[in-house]
Structures are given as C-alpha cells and as structure tokens.
Amino acid sequence: MNRAMTAEGSSRDPTTLTRMEAVAIVLTAVPILCAIFAPVIATFDPLAVSDAVSQPPPTLRELPSLIWGVLFEQMPAPHWFGSDSSGMDVFSRTLYAARVDLVIAFSANILSFIVGVTLGVVCGFRSNLATEFIARIADLVQSFPVFITAMILVALAGRTWGNIIFAMSLLYAPIYLRLTRTEALKVKARGFIEASTAMGNRPIRILYLHILPNSLGPALIQFSVTIGFAILLTAGLSFVGAGVNPPTPEWGAMIAQGSTQLVLGDWWVSIFPGIAISLTVFGFALAGYALERRFET
Amino acid sequence: MKIIPAESPAPPGTQALSARAWSALLLAFLLSGCHAPEQSADTDSAVIYLVEDVPAGLNYDGPAASLHTSQVGIVNLMDPLLEYAASPEVENGVQTSDFSSFEGSLAENWVYDPAEQSWRIDLRKGVYSCAGNELTADDVLYTFARAKSVSGAAPVGWFLASVASVASFDTSVFDNPAKRRLGDEISKLGRYSVKVFQSAPNPLFPHILTSFALRVFDSQEMRKHATESDPWSHQYVDEQTSPGFGPYCTERWIKGDEFVLTANPYREERAPSIKRIVFKRVPLSSNRFVIMKMGEADLSDRLTPREFEALAGLDNLKVIGLTGNETLFLHMNFKSPPFDNPLIRRAVSAAVPYDWIINNGYRAQAKQWLSVVPTRYPGVSENFQPPPGGLEAARQLLSQAGYPNGKGLEEFQENFQLSYVAEKQIALGPIANAIRAKLREVGIPVELNPIPLTQFGDRTLVKRDLPFALSDQEKPVVVDAGYAIQLFFASPSAGGVNNMTNYHNDSVDALWASARTTANPSARAEFIARALDQIAADIAWLPLAEFKTQWATHTELYGFRWYPDNSIRFSDLYRKEH
C-alpha cells in the first residue's frame with residue numbers, strides 16, 4: 001500500500017502473524033461471526049416474551065448434562081445465559097445484539113471514513129478558502145464532547161438506526177479528515193508529486209493515483225480503533241435511553257436493563273452483554289494497535 | 001423556607017393551656033411505667049422517607065400539583081375541611097376509609113340546606129398554623145377566593161369547586177376577569193362560620209373538601225408574601241412553603257435533594273406522634289431498595305413489584321398496601337385511525353396478555369381491572385370483559401375489520417407506536433414488551449416508543465394527540481364515579497376535562513348531564529352506572545390492571561391509612577415495638 005514503507009523492508013516475514021495479531025483476529029472475528037450466524041446459533045427468538053421471567057442461567061454443575069441432553073436427547077434448550085424481566089432469552093439477545101452494534105458501528109465508520117478521507121485528501125492537496133473552511137468546521141465539530149453531541153443529535157432527529165449512524169458519522173468524519181489532511185500535506189511536498197505535476201498530469205489524477213493511496217495508512221489504523229469507540233458509543237447511547245428503541249437486542253440497552261436488577265441478584269442480565277462488549281471493543285483496539293505496529297515495521 | 005424557632009412563642013391565649021398540657025404529658029409519662037402503652041414513648045423520633053423526588057412545588061394550583069411527592073407535601077402541611085371517616089377494616093397493614101361518611105378535620109360541623117342549596121360550615125376553634133395564626137372564616141374565604149382567581153398555572157382548586165357546583169365557579173372566569181372575584185357565593189357568618197352556595201344540588205361537595213386541593217391556607221401568612229405581580233403568593237408557595245393548618249411545618253426544603261417537616265409547634269389537639277419527617281431524594285428504585293434493605297431508612301414507596309417482593313421477606317421490614325385507585329390501561333386515541341374502528345379496539349383487547357401482566361409484570365401484586373373506574377370506589381361494578389377467545393378472537397376481529405392477519409395495518413404503523421413513560425421503563429418496559437409481542441402475533445405492527453414523562457404529559461393532557469399508549473398515571477382523586485366520568489370520558493362540550501383519548505358518545509354525555517343535575521341519589525347512581533356500561537362497551541380506555549399501592553416500612557411503624565391521593569399522612573403514624 002505505502003510503497004515507501006514496504007520498500008524499507010522488515011526483519012520479520014510479513015506473512016506470519018504475531019501472537020497479538022492472532023488474538024486480535026480471534027476477538028474481532030468471534031462477534032462478527034456471531035452476528036452473521038445468530039439465527040443459526042440462537043436458541044430462542046430474541047424478542048419472544050415468555051413466562052420464564054428472571055430465570056438464572058444453569059449452574060456449572062448442570063451444564064454438562066444439559067449440553068448432552070440438548071445435543072443428543074432432543075431436550076429443549078434452556079436459557080443458557082438466563083432470562084430477563086420480560087422472560088426473553090439473554091443468550092439469544094446477546095448474539096443478536098452483535099448484529100445491531102456491529103452494523104451501526106461499521107456503517108457509521110465506513111460513512112465517516114469515506115467522507116473524512118475524501119475531504120481530508122482534498123483539503124491537504126489544495127489550500128484555499130473553501131478547504132480552510134472545511135478544516136475549521138472539522139475542528140469545531142471535534143471540540144464538542146462526542147457523547148453529549150451524539151445524544152443531542154439523536155434526541156433531535158429521532159431514535160432510529162439511520163439517525164444514530166448519521167450522528168456518529170458526523171462526529172467521526174473529522175477524525176479521518178484531520179489524519180488524512182496531515183498525511184496529504186506531507187505527501188504533497190514529496191518529489192514524486194512534483195515530478196508527476198511536471199509531467200503534465202491533471203490534479204485529479206495526481207490526487208487519485210498518488211496522494212490518496214499514500215495518505216491512507218493512518219486512517220486505516222484509526223478505522224479499527226474507531227470501530228471500538230463506535231460500539232461503545234452505540235451502547236452508551238442505549239444505556240442512557242437515547243439509542244435504539246426497546247426491545248431491540250443491543251448490548252448497552254441490555255446492560256442498562258440489567259443494572260437495575262443487580263441489586264435483586266440478577267447478575268446475568270447485564271454481565272453477559274457486558275463481557276461481549278468488553279471483548280469486542282478490546283479486540284478492535286488490539287487490531288488497531290497491531291495494524292499500527294505492522295505499518296511501522 | 002420556613003424555619004421553626006427552637007422555642008416558638010405560644011399562640012395568644014394558650015399559655016395556660018400549654019402548662020396544663022405539659023402537666024398531662026408528665027402524668028402520662030409517669031403512668032406509662034405502670035401500663036404498657038399502645039404507642040411507643042419514642043414519639044419525637046424522625047422518619048426517613050425515601051422518595052423519587054422531593055416536592056417540586058407545594059402549590060395545588062401550580063404546575064407541580066399532579067406530582068406525587070408534591071401532594072404528599074401538601075397534605076402534611078395543610079389540613080382539609082373534611083376527611084373521609086376511617087373504616088374499621090384493615091387490609092394488609094393499611095386502614096381503609098369509609099367513602100360514604102365524613103369526619104371533620106378543620107370543620108366541626110357541616111350542614112346542607114336543600115332549600116337554599118347551601119352548606120353551612122362551622123370551623124374548629126383553637127386551630128393554629130405554623131406561624132401561630134388562628135384558623136378563622138377569613139382563611140376559608142381566602143382559599144376559595146384564590147381558587148376562583150384562576151391565577152395558578154393549573155387551577156385545580158377552581159376545577160374541584162366547579163365540579164361540585166359551587167355557585168359562580170364556572171368557565172366564565174376565564175373570559176371575564178371581573179368574574180374571578182369572590183362574591184356572595186361564599187359568605188362569612190361569623191368568626192368561625194361560613195356558608196357556601198351551590199348552583200345545583202350536587203353530592204360531590206363534601207367529597208371535594210377531602211382532596212389534596214382546596215385545603216385551607218393561612219391567609220395572614222399568605223398575604224404577607226403577596227406581591228403586586230403575584231397577589232396570590234404562588235411563588236412563595238412553590239418555593240418556600242405552603243402555609244396551612246396542618247400537623248407539620250416546613251423546616252428545610254432543598255429542591256432536588258431534601259425536604260424536612262417538623263411537627264407544628266402550635267398544634268395541641270391531634271398532635272402528631274412522629275415529630276420530624278425527612279424526605280430524601282433517591283430517584284432510582286433500585287437504590288431505594290438497597291437503602292431500605294440496609295435498614296438506613298424507615299419508609300419508601302414506588303418500588304418495583306420484585307423489589308417489594310424481596311423486601312417483604314426481610315426481618316426488620318414489612319411491605320404493606322392495598323388495591324386502591326392505581327390502574328394500568330391502554331390508551332387508544334379515537335382521532336387516530338385505525339383506533340376509531342371499534343373492531344380494531346376489540347381485537348387489541350382480545351389479544352392483550354392480561355394474565356402475563358398480572359402474574360409476571362406485577363408479580364401477582366395486581367388484579368385484572370374489569371371496569372373503567374377503580375373498583376374500590378362505591379357504586380362501581382365490574383362491567384368490562386375482553387372478548388373471549390384470546391388471539392383467535394383477535395384474528396377474527398381483525399378479519400371482520402378488513403385486515404386479515406393484520407394485512408393493511410402497516411399503513412397505520414406510525415399510530416401503532418406504543419408510547420409509555422421512559423422513566424418507568426423498569427416497571428412498564430416488560431409489560432409493554434409483552435403487549436407488543438402478543439399484538440404482533442396477530443399481525444398488529446406494534447413498536448415500542450418510550451418517551452419522557454413531560455412529553456407524555458404534554459401529548460396526553462394538552463395536545464391529546466398520542467395515538468397509542470400504556471399509562472399508569474391517571475387516578476380520580478375524588479372518590480366518585482361521576483367525577484371520573486367528567487374527568488376522563490365526558491366530551492369537552494359536556495364539561496369533560498382530561499378526555500385524553502378524544503372519546504365521544506352522545507348518550508354518555510347525556511347520562512352524565514342527567515346525573516349531574518338530579519337531586520335523587522338513586523337516580524344519579526343509575527345514570528352513572530349506565531354511562532359506565534357504555535364507556536366500557538366502547539372501550540374508551542382498555543383497562544388492564546389495578547395494582548397495589550404499597551409501602552416498604554420498618555416493622556415498628558404503624559398507623560398507615562389509605563387516602564385516594566395515595567399520600568401518607570405522617571400524623572397517622574406512630575412507632576410501636578414489634
């Protein structure tokens with residue numbers, strides 16, 4: 001991707017994975033696979049209300065016989081992670097919640113990446129009043145606290161997936177814009193751009209063929225990190241009641257629902273989605289760090 | 001804020017009495033060593049009461065009047081003229097009231113004169129406010145004059161007087177400022193007597209005198225705090241205290257944090273046993289639950305059914321309560337299609353999971369509501385039955401309405417957003433979920449829409465444009481089915497006030513008009529019963545559950561009594577060793 005970087009070479013084989021990279025791949029792949037295969041893995045409809053209200057999960061001692069019974073004796077599946085105050089299955093909801101959180105996080109990130117990188121590369125390549133204005137607007141957006149701004153935007157626009165994605169894109173695009181602009185300014189000053197201009201290439205061609213590919217590195221690393229932030233933001237919005245509408249399975253909403261029941265001893269309603277969100281965010285953060293290390297070498 | 005001095009001066013003419021009272025107290029104290037007392041000697045201990053919020057205001061004509069803790073504050077600072085008589089019946093630790101008979105509170109005698117349609121009210125003598133002012137007829141006149149001024153943001157006092165047909169308390173006050181002055185409809189007969197005229201015979205008059213509104217102000221104290229821009233001292237009442245002739249005075253009021261009451265130092269008769277009440281704001285019910293469980297507070301309410309269930313089993317705590325007038329219903333707006341179609345309303349009523357709501361939503365701390373008025377109220381019968389057959393019946397009704405399996409209802413998706421108060425997510429969320437699941441099973445495309453309390457109130461009570469909602473907010477505080485009809489079901493043109501679902505039925509309006517004007521009690525009861533039957537048949541509201549009004553309290557605290565405003569009168573309470 002970055003010819004200058006790859007030309008420098010590395011002491012280790014770039015095709016082998018470090019231990020950290022392997023862990024990052026597993027931690028990011030598991031929620032993605034859960035999201036994709038949720039309908040196959042889930043044992044209940046995640047929105048089905050039942051009479052089994054606030055049931056605890058089976059104990060460790062019960063687990064082997066239950067697994068045996070479900071696999072080989074046609075026993076109905078129990079609530080592996082217990083049930084919530086509506087009698088909904090926490091296991092199935094935790095799986096389906098991955099769909100909601102990851103779809104929102106990825107959509108918002110892809111949208112903000114496209115907008116941010118495009119504007120960033122243009123602002124870095126061309127310096128005029130319009131590009132300066134765009135850069136200052138980005139600074140202004142970044143000066144607002146992300147969570148509060150997202151909450152206000154969603155409250156004003158309505159609690160729909162589309163609005164949450166739009167609000168998050170608006171807040172994350174300036175990150176990509178600034179990173180890409182800084183990188184584009186550096187690339188623009190390099191000799192091969194001057195050479196390309198001297199050869200009579202049109203600016204759009206130079207932008208597309210030379211500036212963009214050589215400015216993408218930091219934005220790509222940031223992508224993985226921002227996915228984690230976006231998942232946390234989605235969950236945070238739902239936790240305070242400004243995210244997706246109930247009873248949509250969503251990790252933050254499930255944690256919020258369970259948090260009030262912890263005092264009654266119902267730990268399972270919030271702990272399992274809490275673990276899911278922690279591991280997922282950690283996985284994406286680790287992936288970002290691993291990517292950064294790989295680009296550095 | 002009213003600070004009570006440590007040594008308050010005795011009201012004029014009461015010094016000698018005070019000395020006698022002290023002697024009596026001393027004697028009682030000595031005797032208490034010989035006889036085991038019914039009540040504990042620990043009479044000056046404080047009660048710590050955990051509440052969702054401290055009173056936002058104490059003005060019954062103000063914007064906070066509908067809030068629960070504001071009403072608790074008002075009823076403990078101000079006494080009414082009348083109270084319902086106590087019933088000998090005690091249900092699950094709570095004494096009930098006999099809604100057919102009254103006892104004097106600030107009034108000593110009250111007599112109706114049918115010839116001139118008037119009530120003569122004689123006041124108790126020697127009743128003093130927290131400022132040491134004696135209750136007189138001027139205070140009653142001031143109270144009615146303030147109500148008639150409709151100067152408050154929510155003129156509840158005027159509304160109740162109007163419901164009870166107090167003469168010239170009608171809607172003309174809103175059009176003509178001159179009509180807002182009190183005339184001879186209420187006249188002073190002497191220092192301790194007044195006469196109130198009615199425009200028509202109306203049995204609601206003594207009932208409205210028991211409510212949290214129209215409680216008597218200390219007019220001297222109120223006038224002291226009047227300003228040119230606020231001649232009726234609304235600001236003072238909403239920010240400092242509500243000066244009345246009640247058992248308690250405001251010691252400290254820090255909004256959003258704490259509200260402290262101390263016993264009225266000038267009250268000798270009916271003096272409260274508990275001398276100090278500390279309201280502590282703990283908004284989350286789970287936090288109130290933990291504090292109660294740790295034994296750090298004496299009293300709490302508004303917990304979830306599971307939290308009450310968990311506290312009931314603990315050693316030093318008890319959970320008391322009864323099915324009073326708190327209800328849950330589905331609101332379907334007649335102006336929002338397809339809810340204008342009776343078949344759709346019936347389909348919804350057939351599909352709702354009543355048993356799930358009672359057994360899981362309320363953990364069996366509720367019963368199915370089979371009326372549109374609380375069934376505890378006199379003359380109310382169980383006249384509502386959902387169509388038998390459950391989901392199958394719902395499907396058939398949808399087919400009859402032209403929407404087989406709900407096909408075609410997507411057009412009304414916006415109106416099938418089931419709204420409820422987001423702040424009540426813990427209690428109402430699971431119930432809303434269960435309703436959504438069942439309605440979707442028959443093809444009704446319901447989605448949930450939790451909205452903030454303020455928005456919910458604005459859209460139900462002011463704009464009246466909420467199409468579909470789950471509500472546990474409404475209760476008629478006057479114990480009368482006719483009052484409930486006027487409040488919730490009569491058309492605005494027929495005097496309806498909070499007709500949130502835009503329900504209109506000419507025969508209901510006509511029956512209510514007849515009930516309102518007849519002097520014959522049995523004819524009135526008959527008109528009201530027929531109106532209620534019609535309202536239930538039209539499913540003006542879809543009644544779901546009557547849930548218990550409950551309190552978690554220390555086992556040593558006794559004397560709880562249920563009043564229609566669901567507020568505790570702390571002067572009823574006393575401590576007794578368990």
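Here is how names work: the chains are called A, B, and so on, in the same order as the sequence lines, proteins then strands, and each is numbered from 1.
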T555(B) (side chain) donor-acceptor with L317(B) (main chain) under 3.5 angstrom:
no

Open item on the list: I'd like to know if the side chain of N415(B) reaches the main chain of P338(B), judged simply by a donor and an acceptor atom lying under 3.5 Å from each other, with no hydrogens or angles considered.
Closed with: no

Here the pair of heavy atoms bringing P39(A) nearest to Y96(A) is CA-OH, 3.2 Å

Per-residue tally against chain B (heavy atom, under 4.5 Å) across T260(A), D45(A), N245(A) peaks at T260(A)

| said: Between the side chains of R281(B) and D257(B), is the shortest nitrogen-to-carboxylate-oxygen separation below 4.0 Å, so that they form an ion pair? | reply: no

request  = Starting from the C-alpha separation in whole Å, work towards a yes-or-no answer on side-chain hydrogen bond (donor to acceptor under 3.5 Å, both in side chains) for D89(A) and H79(A).
outcome  = CA-CA 6 Å; D89(A) 182 54; H79(A) 294 291; 2.8 Å; yes

Requested in this report: Answer yes if the side chains of T549(B) and E326(B) hold a donor-acceptor pair under 3.5 Å, and no otherwise.
Outcome: yes

Do we see a donor-acceptor contact under 3.5 Å between the side chains of N449(B) and S419(B)?
yes

Among residues 422-430 of chain B, residues within the sub-4.5 Å heavy-atom range of chain A, in order of number, are Q425(B), I426(B), P430(B)

Q. What do the steps show when you test F339(B) against F416(B) for ring-ring contact (aromatic ring centres under 6.0 Å, His included), and what is the final call?
A. CA-CA 9 Å; F339(B) 297 120; F416(B) 280 116; 5.2 Å; yes

Answer key: most heavy-atom pairs under 4.5 Å with chain B among V53(A), T248(A), L262(A), D84(A) is V53(A)

Looking only at G241(A), P247(A), G87(A), most heavy-atom pairs under 4.5 Å shared with chain B are made by P247(A)

Highest number of heavy-atom pairs under 4.5 Å with chain B among G265(A), S259(A), S50(A), A256(A) belongs to S50(A)

Nearest heavy-atom approach of V282(B) to R288(B) is O-NH1, 2.8 Å

| Taking the six-membered ring for Trp, are F272(A) and W267(A) parallel (under 30°), tilted (30 to 60°) or perpendicular (over 60°)? | tilted

Against chain A, residues from residues 431-444 of chain B with at least one heavy atom under 4.5 Å, in numeric order, are N433(B), A434(B), R436(B), A437(B)

I'd like to know if the side chain of N163(A) and the backbone of G158(A) have a donor-acceptor N/O pair within less than 3.5 Å.
yes

